[in-house]
Amino acid sequence: MKLTIASRNPKSTKFPITLELEGTPESIKVQDVALAIEKKFPKYYPDRQRLTDLDKKALDVDKTLAEAGIVDGATIQFKDLGPQIGWRTVFLIEYGGPLLIHPIFYYASKLFYGADFQHSPMQTTVYYMCMAHFLKRELETLFVHRFSHGTMPFLNVFKNSGHYWLLSGINLAYWVYGPWFAAGKAASVRSDVWLYGSVAVWAWAELSNLATHITLRNLRPAGTRRRAIPFGYGFDLVSCPNYFFETIGWTVVCFLSTSWSAWLFNIVATGQMYVWAVKKHKNYKKEFKDYPRNRKAMFPFIA
């Protein structure tokens, strides 16, 4: 079978090329085409490639050429996505930042604030909340999450990490652990109901978030990109309960700390998660004709 591979970059000097593959459109997968391109140009490993038909519709690497509507002698368009980095690595870098930053601000107070002071129960509680949250995210990345896409553009790691390292790292740590909230300051006083009630709601939100991640993991067998409709705890009301529970967890941190820096991070994070939730919700409804109609994207009964 012969295929022409044309670059979407009009200035490309390497394309078009002709590939001769053994088999038929019914037996050759899109992934086989990607591997053939890599064999000819080792620089373009499969995760770096975006293959589309002439209508610029992306070809699913797990489908055969026949299923993708590609016939003998057809032309496939190629786009170089640039250097890639694994999603798992990106997540570990993102969440690792706050795990390093929070202890530095918490334990090296004199370095940043010019004096030593005793942290208040509120500051200590928020510190352990943040550390536990990001440690949980690291462990989920290693042992729970299964990614539908193996990689992302390498340069995106700086943009993604900036959100966590700056907003939930430096921004949150500096303002929450400062002397203005130290023990003995009026701004740090919290009743037992306020303090322990916050911990209880936060723990429920974190465990609920973990439960939804496990549900999503169990939908996708290891080594596959299989997608299915999730059901169960949280999913009966919204498409992305993991985002909803995470928002609740950070909102608790906001009410406990009363710091504008926590609210800033939470507003930005919730806004971004809502954008992702709406996109996933639309994809679910588009892919599955029997998708539950009563579900919202992220917020139960609202949106």
Query raised in the report: Looking at the rings of Tyr164 and Tyr95, which for Trp means the six-membered one, are their centres under 6.0 Å apart?
Result: yes

Query raised in the report: What distance do Leu142 atom CG and Arg88 atom CZ have between them, rounded to the nearest 0.5 Å?
Result: 7.0 Å

Query - Salt bridge Glu287-Lys282, side-chain N to carboxylate O under 4.0 Å - result: no

**Report entry** Pairs touching residues 182-211 that satisfy ring pair (Phe, Tyr, Trp, His ring centres under 6.0 Å), sequence neighbours left out
**Finding:** Trp204-Phe245

Query raised in the report: Does some side-chain heavy atom of Leu19 sit less than 4.5 Å from a side-chain heavy atom of Ile17?
Result: yes

Query raised in the report: Can you tell me if Trp180 uses its side chain to pair, donor with acceptor, with the backbone of Trp175 under 3.5 Å?
Result: yes

Query raised in the report: So with a 6.0 Å cut-off around CZ of Phe231, is the heavy-atom count from everything else above 12?
Result: yes

Requested in this report: Evaluate the side-chain proximity of His133 to Trp250: yes if any heavy-atom separation is below 4.5 Å, no if none is.
Outcome: yes

Query raised in the report: With distance as the sole test, does Gln123 use its side chain to make a donor-acceptor pair with the main-chain N or O of Ser120 at under 3.5 Å?
Result: yes

Query raised in the report: Is the side chain of His102 donor-acceptor paired with the backbone N or O of Ser168 at a distance under 3.5 Å, no angle test?
Result: yes

Report task. Report whether Leu216 and Ile229 are members of the same hydrophobic cluster (ILVMFWY, side-chain heavy atoms less than 4.5 Å apart, transitive linking). Result -> yes

Query raised in the report: Which pair of non-hydrogen atoms, one from Tyr233 and one from Pro241, has the smallest distance, and what is that distance?
Result: O-CG, 4.5 Å

Report task. Identify the two heavy atoms, one from Tyr274 and one from Ala303, that lie closest to each other, and give their separation to 0.1 Å. Result -> OH-CB, 3.4 Å

Report summary line: Looking only at heavy atoms, the pair that brings Val199 and Met129 closest together is CA-CE, 3.7 Å

**Report entry** Sub-4.5 Å side-chain heavy-atom contact between Glu38 and Leu35
**Finding:** yes

Query raised in the report: Does any non-hydrogen side-chain atom of Lys296 lie less than 4.5 Å from one of Ser239?
Result: no

Report summary line: CG of Leu51 to CZ of Arg8, rounded to nearest 0.5 Å, is 10.5 Å

Query - Single-linkage hydrophobic cluster Ile248~Phe134, side-chain heavy atoms < 4.5 angstrom - result: yes

**Report entry** No-hydrogen, no-angle side-chain donor-acceptor test under 3.5 Å, Tyr243 and Thr212
**Finding:** no

Query raised in the report: Is the centre of the Phe78 ring less than 6.0 Å from the centre of the Phe41 ring?
Result: no

Query raised in the report: Hey, mind stepping through Arg137 and Glu206 against salt bridge (charged side-chain N to carboxylate O under 4.0 Å, His left out) and telling me if it holds?
Result: CA-CA 10 Å; Arg137 296 303 296 268; Glu206 290 289 319; over 6 Å; no

**Report entry** Donor-acceptor contact below 3.5 Å, side chain Gln49 vs main chain Asp80
**Finding:** no

Query raised in the report: Is the Tyr127-Tyr107 ring centre distance short of 6.0 angstrom?
Result: yes

Query raised in the report: In the hydrophobic clustering (ILVMFWY, side-chain contacts below 4.5 Å, transitive), which residues join Trp263, or is it alone?
Result: Phe255

Query - Heavy-atom check, side chain of Ile5 versus side chain of Thr75, under 4.5 Å - result: no

Query raised in the report: Given the side-chain rings of Phe112 and Tyr177, with only the six-membered ring counted for Trp, is the space between their centroids under 6.0 Å?
Result: no

Requested in this report: State, yes or no, whether a side-chain contact exists between Ile28 and Met1 at a heavy-atom distance under 4.5 Å.
Outcome: yes

Query raised in the report: Is the backbone N or O of Asn242 less than 3.5 Å from a side-chain atom of Asn209, with the two atoms forming a donor-acceptor pair by type?
Result: yes

Query raised in the report: With hydrophobic residues grouped by side-chain heavy-atom distances under 4.5 Å, do Phe265 and Ile104 end up in a single group?
Result: yes

**Report entry** N/O donor-acceptor pair under 3.5 Å between Asp55 side chain and Lys57 backbone
**Finding:** no

Query raised in the report: Hey, are Asn266 and Thr251 close enough side-chain-wise for a donor-acceptor pair under 3.5 Å?
Result: yes

Query - Rounded distance (nearest 0.5 Å) linking atom NE2 of His119 with atom OG1 of Thr125 - result: 12.0 Å

Requested in this report: Mind checking the CG-OG spacing from Leu172 to Ser257? Nearest 0.5 Å is all I need.
Outcome: 7.0 Å

**Report entry** From Arg293, Lys289, Arg295, residue fulfilling side chain to side chain donor-acceptor pair (under 3.5 Å) relative to Tyr291
**Finding:** Arg295

Requested in this report: Taking Asp32 for its side chain and Lys29 for its backbone only, find out whether a donor-acceptor pair lies under 3.5 Å.
Outcome: yes

Query - Heavy-atom closest contact (Pro98 atom, Met131 atom, distance) - result: O-SD, 4.4 Å

Query raised in the report: Is there a donor-acceptor contact under 3.5 Å from the side chain of Arg220 to the main chain of Arg226?
Result: yes

Query raised in the report: If only atom types and distance count, is the side chain of Ser27 paired as donor or acceptor with the main-chain N or O of Thr24 below 3.5 Å?
Result: yes

Query raised in the report: Going by atom types alone, do Thr258 and Arg190 pair a side-chain donor with an acceptor below 3.5 Å?
Result: yes

Query raised in the report: What heavy-atom pair brings Leu256 and Met122 nearest, and what distance separates the two atoms?
Result: O-CG, 3.4 Å

Query raised in the report: Strictly by modelled atom types, are Tyr174 and Ser261 linked by a side-chain donor-acceptor pair under 3.5 Å?
Result: no

Query - Evaluation steps, side-chain contact (heavy atoms from CB on, under 4.5 Å), between Val268 and His163 - result: CA-CA 9 Å; Val268 173; His163 171 76; 3.9 Å; yes

Query raised in the report: Is a side-chain N or O of Trp165 found less than 3.5 angstrom from the main chain of Ile101, in a donor-acceptor match?
Result: no

Query raised in the report: Can you find a pair of side-chain heavy atoms, one from Ile70 and one from Pro25, that are under 4.5 Å apart?
Result: no

Query raised in the report: Roughly how far, to the nearest 0.5 Å, is the NZ atom of Lys63 from the CG atom of Leu59?
Result: 9.5 Å

Query raised in the report: Say you draw a straight line from CG of Asn156 to CD1 of Ile85; how long is it, rounded to the nearest 0.5 Å?
Result: 10.0 Å

Query - Residue pair Glu94 / Ser161: nearest heavy atoms and the distance that separates them - result: CG-OG, 3.9 Å

Query raised in the report: Can you find a pair of side-chain heavy atoms, one from Arg50 and one from Leu81, that are under 4.5 Å apart?
Result: yes

Query - Cluster overlap Phe117 with Val126, hydrophobic side-chain contacts below 4.5 Å - result: yes

Query raised in the report: Just one of Val30, Thr52, Leu3, Asp53 clears the side chain to side chain contact (heavy atoms under 4.5 Å, CB included) bar with Ile76, so which one?
Result: Leu3

Query raised in the report: Does NZ or CZ of Arg227 fall inside the cone over Tyr284's six-membered ring, less than 6.0 Å from its centre and within 45° of the axis?
Result: yes

